[in-house]
Every structure is written in structure tokens, then in C-alpha cells.
Amino acid sequence: MVSRNLLYLVGRWTGIIAFILLILDFLIMQLFRMRSSTMKEWLASRIYANKLHGIASVTILLSAILHSLLLVFGHWNSLVSAFPLWMPLTENLGYMFNLGTLAAILMLFLSIHGYFRNWFWNKWSHSAWKRTHFWCALLLIIIVSIHAVTIGAEFEFLGLSIRG
């Protein structure tokens, strides 16, 4: 039988792993966008860069899903509302918890937006798709950063944690 403490620890660390991978993936894709010659030296083509980005994105999404399931149905189970991924807004903890839910929604949008990119390219344009994907990813990083720093126990040393 797995203890609640182990599930809580695994839940927290899957969130940290998803957060680190999100930042690394974003930075690598920006590096490849700005320095296409570097990309060709490292990966030989844009196709491999996009495949690497796709693998990283799926890993981030699965880690974030595991993070939320382990913590929402485990450690935070007694504090959530009837809708398990939402906490009543009675205190700061609720706001920061709900930022995680908003991040999950934005992450799902980005994954759909990336997977069906050809459809979006046909409806809008490639440059409009790139701008939308970039700004949504940047917004996601900001939301996840606020969520991690304020509610995460690992980032209490920064002095911004709302935990007691």
C-alpha cells in the first residue's frame, strides 16, 4: 500500500518536473526560432525540432495531469468544492490553487492548438498561429510560476508562499 505522504511527494515533484520542462521547452524553441543555424547543427532539421517539442509537450501535459490528480484527489481533497479542480475563493490558497486549474485549461488549449496546427494555419495564417501559440505559452509560464511560487512548499524560501 502506498502512503499518503509518498503520493503527496510524488504529486509535488511531478508538478516541479512539469514546470522545469515547460520553461526548458519554451527556451529551447525560442533559441531554435532565433538561431535556425544552431538548430540545423543540433538536430539537422526543423522537423526534428518540432518532434522534440511535441515529445516534451506531451511529457509536460502528462506530468501536469498526474500532478493535479495526485494532489486534488489526495492532499487537497478535503478543501476542494463539488467540482474537484476548483477551490472556494475564501482565502488566498483558493486563488493560487485555482491558478493551477486555469493553467491546466490553458495547457489543454495549447496542446490542441499545437496538434491541430495545420487546421489553424488554413483558417488563420501560420504567423497568426505562431503569435497565438507563443503568447499563450508565455501566459502559461507566468501563471504556473505564480502558482508554483505561492502554493508550492519547495519555493517557500523565496518568501512569497501563502502557506502557513
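- A heavy-atom distance below 4.5 Å is not found between the side chains of Ile146 and Ile151.
- A distance of 4.5 Å separates CG of Leu22 from CD1 of Ile141, quoted to the nearest 0.5 Å.
- Between Gly11 and Thr14, the closest heavy-atom pair is O-OG1, 2.8 Å.
- Around atom CH2 of Trp121, more than 12 heavy atoms belonging to other residues, nucleotides or ligands sit under 6.0 Å away.
- Pairing each heavy atom of Cys136 with each of Leu106, the nearest pair is O-CD2, 3.6 Å.
- When all heavy atoms are compared, the tightest approach of Ile60 to Met107 is CG2-SD, 4.0 Å.
- Looking at every heavy atom in both residues, Ile143 comes nearest to Ala103 through CG2-CB, 3.8 Å.
- Tracing side-chain contacts under 4.5 Å through hydrophobic residues (I, L, V, M, F, W, Y), one never reaches Phe116 starting from Ile105; they form parts of separate clusters.
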side-chain contact (heavy atoms from CB on, under 4.5 Å) between Phe19 and Ser145: does it pass, once the steps are laid out?
-> CA-CA 8 Å; Phe19 179 53; Ser145 298; 3.4 Å; yes

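- Evaluation of the side-chain hydrogen bond (donor to acceptor under 3.5 Å, both in side chains) rule for His113 yields Trp129, His133 as partners, not counting sequence neighbours.
- When the side chains of ILVMFWY residues are joined at heavy-atom separations under 4.5 Å, either directly or via intervening members, Tyr115 and Ile112 end up in a single hydrophobic cluster.
- Transitive grouping of hydrophobic side chains (ILVMFWY, heavy atoms separated by less than 4.5 Å) keeps Ile17 and Leu62 in distinct clusters.
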Under the side-chain contact (heavy atoms from CB on, under 4.5 Å) rule, what do Phe26 and Leu140 come out as? Steps first, then yes or no, please.
-> CA-CA 11 Å; Phe26 182 80; Leu140 175 65; over 6 Å; no

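- Heavy-atom minimum distance, Ser63 versus Ala18: CB-CB, 3.8 Å.
- Across all their heavy atoms, Thr132 and Ala128 have their closest contact at OG1-O, 2.8 Å.
- Cluster annotation: Phe134 is connected to Leu61 through the hydrophobic network of ILVMFWY side chains, with a link wherever side-chain heavy atoms come within less than 4.5 Å.
- Note: the hydrophobic cluster containing Ile142 also contains Leu108 (ILVMFWY, side chain heavy atoms under 4.5 Å, direct or indirect links).
- Arg117 contributes a side-chain N or O that, together with a main-chain N or O of Gly114, makes up a donor-acceptor pair within less than 3.5 Å.
- Atom CD1 of residue Ile28 and atom CG of residue Leu52 lie 6.5 Å apart, to the nearest 0.5 angstrom.
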Leu7/Arg4 under side-chain contact (heavy atoms from CB on, under 4.5 Å): CA gap, chis, key distance, verdict | CA-CA 5 Å; Leu7 287 176; Arg4 291 180 60 89; 5.6 Å; no

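- For the atom pair NE2 of His53 and CD1 of Ile55, the computed distance is 11.5 Å after rounding to the nearest 0.5 Å.
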Verdict with reasoning, Tyr8 to Leu70, per side-chain contact (heavy atoms from CB on, under 4.5 Å) | CA-CA 7 Å; Tyr8 178 60; Leu70 288 174; over 6 Å; no

